[in-house]
Amino acid sequence: MSGGRRRTSLRYPLRVKSADKELATSGVLVNVITPAVIATPMNDSTAPDVLEHITGLIPMRRIGRPEKVAELVAFLASDRVSYSTGAVYDISGGRASY
């Protein structure tokens with residue numbers, strides 16, 4: 001990893017708040033990304049009516065694109081991020097807003 005930092009994804013965003021405080025002075029940044037449904041091969045076999053229903057629950061009315069998640073991951077993994085820790089980055093088209 002660049003800058004000697006280890007990046008770990010945590011399953012539960014609440015653990016981020018504990019881990020970021022514990023590691024804050026070590027140079028390790030602890031953040032989590034919480035995507036909604038993303039257009040990936042995993043969803044290729046999802047029934048169209050199910051995807052339509054899920055899309056209807058997303059305020060932006062569209063499924064996320066993998067490249068948008070990749071852009072966020074690349075930014076968070078870059079040396080441009082040195083002061084963000086303990087954050088939960090929502091990438092859900094607004095779904096987490098309700």
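The structure presented is a predicted model; accordingly, all values stated were derived computationally and were not measured.
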Just by modelled atom types, is the Val30 backbone N or O under 3.5 Å from a matching donor or acceptor in the Thr85 side chain?
yes

Among all residues two or more places apart in sequence or in another chain, which pass the side-chain contact (heavy atoms from CB on, under 4.5 Å) test with Ala87?
Asn31, Ser84, Tyr89

The side-chain hydrogen bond (donor to acceptor under 3.5 Å, both in side chains) partners of Arg62 (sequence neighbours excluded) come to none

Could I get the full list of salt bridge (Lys or Arg N to Asp or Glu O under 4.0 Å) partners for Glu71, not counting sequence neighbours?
Lys68

Residues passing the side-chain hydrogen bond (donor to acceptor under 3.5 Å, both in side chains) test with Glu67, sequence neighbours excluded, are Arg65

If you apply the rule side chain to side chain contact (heavy atoms under 4.5 Å, CB included), what do you find for Thr34 with Ile91, and how did you get there?
CA-CA 6 Å; Thr34 58; Ile91 187 160; over 6 Å; no

Look up atom OG in Ser92 and atom CD1 in Ile38, then write down how far apart they are to the nearest 0.5 Å.
8.5 Å

Correct closest heavy-atom pair for Ile33 and Val73 would be CD1-CG2, 3.5 Å

Qualifying salt bridge (Lys or Arg N to Asp or Glu O under 4.0 Å) pairs, either residue in residues 27-52, two or more places apart:
none

Any chance you could pull the hydrophobic cluster mates of Leu51, using side-chain heavy atoms under 4.5 angstrom and chaining through other members?
Val37, Val50, Ile54, Ile58, Met60, Ile63

Nearest heavy-atom contact between Ala39 and Pro66 is O-CG, 3.2 Å

Residues at least two apart in sequence or cross-chain that pass side-chain contact (heavy atoms from CB on, under 4.5 Å) with Ser45, listed by chain then number, are none

